[in-house]
Amino acid sequence: MGDCKMHISFEQAVERFGPTLYRLAFSYCHNREDAEDVVQEVFVKYLRAEPNCDAEEDLKRWLMTVTANTCRDLLKSAWYKRGRPAQLLQALPHTDAHTDLRLEVDRALAALAPKYSQVVYLYYYEEYSVRDIAQILRLSETAVRSRLDRARKQLKRQLGGDWLEG
Amino acid sequence: MKDEQRRIKEYYDHIQMTEDFKARLLALPEAAPQKPVPPFRLWKPVAVAALAAVISLSGLRYLAHRHDSTVQEPAWPGVSDAATERTSPVPLRPTEPGQEPSETAPVPTDPSGTDTPETAQAPQPSTSDETRPHGSGTAGQMPGPGGPEPRPTEPVITNPPQPVQTDPPPVETGSLPPEEIDPPGPEETDPPEPISTDPPPDTSPIETENGGDEPTLVESDFEGTYHREGDRDLITLVQRSTGNTVTLDLTGMVTEHGYSGTHSVLGHTLHIYLVPYGQTYRVYIEDE
């Protein structure tokens, strides 16, 4: 890892950070194929960049930032913009038993715009703070809060109830 | 934890990488070499070289364009491009087979020469002094009033005049007998260039065909016609104001590249130019 102070092999990085990066990419792309492409590209960049990290958490955040940037690049591509609507219904994760409500939640989350779903994932699943999310996504904290608020409102509109209040 | 947040966690918990994809990721170090040379570092010298080549090519094109535009500029003011083109690639008399017309065809090279009346109206019959037996200057370099001007010849109605007494060295006149000047070769049957069949330029006020020889471009009160009688090169000059006719015998002085000389005709000092035109010559006259 060059002058990286944290010694971690590539296999260990894949094992530890691969699922997180994959979910983060999935929250952006809403389909498996694109998420896999993004994660693969992120690890290729990781191999080439050899980031200088002091701790595992630093490496994880670096990888997540690269993942978010790669997802943004993907979303900017014309082919993705054209093909994305058709992919939405196929983007539901494969689960064992979906209840109606669960399927409805899945659909609502899958229907979120990428910039909202990514924030939701980082906030509610990874349990990062608004400040950490702002650092990872290279956004202002105000933007992160705004996106969180809009995501909550959208989910509430679709699912009803007191979804993700405050 | 709220129920909704648990549902979100459940949603993302089910998003897992497949084993195949994980295997692909683990195989990346073999597929993607570490620390490759950044692409720009690879392409930088190529890009710089290509940019330099483009710049130099553009510069050369610009210079070539300037040169071409300079050459093709009309040799005298008020003359259209067609007239310039007509006088530039004048076909030569085929005394030297294999010689390309473009090599010896008169090409006006100095657009600034349009300021002077000599170069402005005088076509340049030749660019080579070696093949010109008469005349003190090269094509377009008409002898000025203060220059080594040849002595004007007296007008002789029917006899051949002695047009040039000062300029021609004896070797030159002797080296080009009339037989060498106009040998009728098979190339003479070739039609002239289509561009030569165009009507004369705007500067030619009168174009006549005397005896069907060729059209005559005159710039003065005189109009001239070149014609051959046997081995003799004759120019018939007609003063339009009076109708007087004078014939000049230029035998031995007309080369394959034409002729230029000064003659005194009926009290006028005429600068006469013969420019090859197909199998014959065009006559250009300037009245001094």
Side-chain angles (χ1 to χ4, degrees), chain A residues 1-2 9-11 13-15 18-27 32-33 35-37 39-50 91-96 98-99 101-102 104-110 117 120-121 123-127 152 155-156 159 161-166, chain B residues 1-69 72:
Chain A
M1 286 282 300
S9 67
F10 181 78
E11 290 75 14
V14 171
E15 291 290 343
T20 300
L21 302 182
Y22 181 76
R23 281 190 288 266
L24 179 61
F26 192 95
S27 71
R32 291 183 175 274
E33 290 77 14
E36 289 180 354
D37 288 344
V39 172
Q40 179 172 308
E41 188 173 343
V42 168
F43 276 107
V44 169
K45 291 177 181 176
Y46 166 72
L47 279 172
R48 293 178 174 173
E50 297 182 1
L92 295 178
H94 302 289
T95 55
D96 297 330
H98 277 101
T99 62
L101 178 60
R102 194 169 182 175
E104 199 172 352
V105 170
D106 292 346
R107 287 183 181 278
L109 288 172
S117 62
V120 167
Y121 166 73
Y123 187 82
Y124 289 103
Y125 188 85
E126 296 290 341
E127 296 183 349
R152 290 189 195 110
L155 290 173
K156 183 178 180 181
L159 301 173
D162 298 331
W163 255 84
L164 304 175
E165 288 294 338
Chain B
M1 180 185 296
K2 289 186 176 181
D3 185 53
E4 293 84 359
Q5 187 170 353
R6 190 172 60 250
R7 288 176 188 169
I8 290 176
K9 280 188 170 292
E10 288 177 358
Y11 171 81
Y12 283 110
D13 277 338
H14 285 87
I15 299 173
Q16 295 289 340
M17 291 191 301
T18 62
E19 290 301 321
D20 291 341
F21 177 62
K22 189 181 293 184
R24 264 168 47 199
L25 286 181
L26 293 176
L28 274 180
E30 289 82 27
Q34 297 185 17
K35 274 284 184 183
V37 179
F40 181 67
R41 200 175 300 171
L42 279 175
W43 286 99
K44 184 179 180 182
V46 179
V48 169
L51 186 62
V54 167
I55 291 174
S56 58
L57 276 178
S58 301
L60 287 176
R61 278 190 195 148
Y62 173 70
L63 290 178
H65 175 70
R66 282 193 61 187
H67 177 69
D68 290 342
S69 61
Q72 295 173 1

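Naming convention: chains lettered A, B, ... in sequence-line order (proteins, then strands); numbering from 1 in each chain.
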- What's the spacing between B/Ile8 CD1 and A/Tyr121 OH if we round to 0.5 Å?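 Answer rounded to 0.5 Å: 12.5 Å.
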
- Rounded distance (nearest 0.5 Å) linking atom CG of B/Leu26 with atom CZ of A/Phe43: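 Taking CG in B/Leu26 and CZ in A/Phe43, the distance rounds to 9.0 Å.
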
So [Y] and [X], do their side chains get closer than 4.5 Å, heavy atoms only?
| X | Y | result |
| --- | --- | --- |
| A/Ser117 | B/Tyr12 | yes |
| A/Glu36 | B/Met17 | no |
| A/Leu109 | B/Arg7 | no |

- Mark yes or no for whether A/Arg32, through its side chain, and B/Gln16, through its backbone, hold a donor-acceptor pair below 3.5 Å.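 Yes, the answer is positive, given that a donor and an acceptor are paired below the 3.5 Å cut-off.
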
- For chain B, which of A/Ala35, A/Ala13, A/Pro19 has the most heavy-atom pairs under 4.5 Å?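 Top count of heavy-atom pairs under 4.5 Å with chain B: A/Pro19.
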
Taking all non-hydrogen atoms of both residues, which atom of [X] and which atom of [Y] are closest, and how far apart?
| X | Y | answer |
| --- | --- | --- |
| B/Leu28 | A/Gln40 | CD1-O, 3.7 Å |
| B/Lys22 | A/Val14 | CG-CG1, 4.2 Å |
| A/Phe10 | B/Leu25 | CE2-O, 3.0 Å |

- Can you say whether A/Thr20 sits under 4.5 Å from chain B via the side chain, the backbone, both, or neither, judging by heavy atoms?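 Contact with chain B involves no heavy atom of A/Thr20 at all.
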
